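Reading through the structure tokens given below for one structure.
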Amino acid sequence: MRLGCLHAHHSNIAYIEQAAFSKVELIHFVDPGLMNRISNDKDFDLEKAKHKVIEQIEWMAKSGVDAILITCTNYIALLEEEHLQTSIPIIKIDEPFFSLLCKITQPQILLFTNSATVEGTMNRLKQFASWQNQPVPDIEVRVIENSFELLMQGDKEKYSDVIADYIRGHLESNPDMKISVVQLSMVEAAERISQELQVSIGNPLAPLVVFFSGEDIYYTGKHLHVGSWDQDKEGIAWES
């Protein structure tokens, strides 16, 4: 089983490797160019960005992988699957995360560093809640300003420090507030503060690890499923 992983930044590779996907062979594809174009090129509009995502996914689908995992929330938000010419299963890192968020009944804060990701991600969360017949979670979105450009400039350490300082400051004044980070690049900072303050901070990697290390996992239509594998169902499976 060969799983192609699409990242917008090379730092995300380590997160997925550490998730111990022992059931699959990981093939990594890194393309930071889309984020740079969106941020810096005024002529690179939304339609061009969506076309680039389609182009990237279809190129990966022809490279010998059995499925594709998208780890970049911006790529996920821009992807319009109805325009794809390939039928290869596409796994989105945010779906197991959304499942976790929908189970939280108290008000919660979602932290982003990339403001361009917010609208698309929140729209997908609402769609996911509808698919699962669950109410939309009570969420306040916050963007950590002047941070994402640090990652794009290659200063991952400073980037994580800024996120960690923001989370620490917020939890010190609001210790009971439920907080999650949305982007995979934010996981290191979230885990650091979680250990430092002995609190739970949601992130998209943790539920993905649980998801892939649990029971049989298979993909049908637009969604991943955990449970007994039905050979009559169309999709792919990692059998325990």
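What you see below is based on every heavy atom in this structure, not just the backbone, and it leaves out hydrogens, waters and symmetry mates. Since the structure is predicted, the reported quantities are computational estimates derived from the model, not experimental observations.
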Tell me whether [X] contacts the main-chain N or O of [Y] through its side chain, where contact means a donor paired with an acceptor under 3.5 Å.
X	Y	answer
D66	R2	yes
D94	F97	no
T121	T117	yes
N123	E119	yes
S180	N203	no
S63	M60	yes
S147	V162	no
Q183	N114	yes
H7	C72	no
N174	M177	no

Would you say the side-chain atoms of [X] and [Y] include a donor-acceptor pair closer than 3.5 Å?
X	Y	value
Y159	T113	yes
E58	T86	no
S160	K156	yes

How close do [X] and [Y] get, counting heavy atoms only, and between which atoms?
X	Y	value
A164	A189	N-CB, 3.8 Å
I167	A190	CD1-CA, 4.2 Å
A8	V30	C-CG1, 4.5 Å
Y15	L184	CE1-O, 3.3 Å
A77	G120	CB-CA, 3.6 Å

Do Y75 and F29 belong to the same hydrophobic cluster, where Ile, Leu, Val, Met, Phe, Trp and Tyr are linked whenever their side-chain heavy atoms lie under 4.5 Å apart, directly or via other members?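 Looking at the clustering, F29 is in the same group as Y75.
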What distance do [X] atom [atom1] and [Y] atom [atom2] have between them, rounded to the nearest 0.5 Å?
X	Y	atom1	atom2	result
L110	E140	CG	CD	9.5 Å
H9	L151	NE2	CG	4.0 Å
M186	Y166	CE	OH	9.5 Å
K158	I163	NZ	CD1	11.5 Å
L3	I91	CG	CD1	5.0 Å
E80	H51	CD	NE2	12.0 Å

May I ask you to decide if the ring planes of F128 and F98 are parallel, tilted or perpendicular, using 30° and 60° as cut-offs?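 Taking F98 first and then F128, their aromatic rings sit tilted (interplane angle of 30° to 60°).
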Side chains of [X] and [Y]: does their closest heavy-atom pair fall under 4.5 Å?
X	Y	result
L79	I90	yes
I109	K178	no
L46	K48	no
D161	R192	yes
D31	K52	yes
N12	S185	yes
V182	P204	no
F148	F112	no

Evaluate the salt bridge (charged side-chain N to carboxylate O under 4.0 Å, His left out) criterion for residues E81 and K92: first the C-alpha distance (whole Å), next the side-chain angles of each, then the deciding distance (0.1 Å), finally the verdict. CA-CA 12 Å; E81 289 187 77; K92 307 172 189 72; 2.7 Å; yes
For atom CD of E157, decide whether the heavy atoms of other residues, nucleotides or ligands shown that lie under 6.0 angstrom number more than 12.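 Not more than 12 within 6.0 Å, no.
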Could you walk me through whether I70 and I93 pass side chain to side chain contact (heavy atoms under 4.5 Å, CB included), step by step? CA-CA 6 Å; I70 306 178; I93 196 172; over 6 Å; no
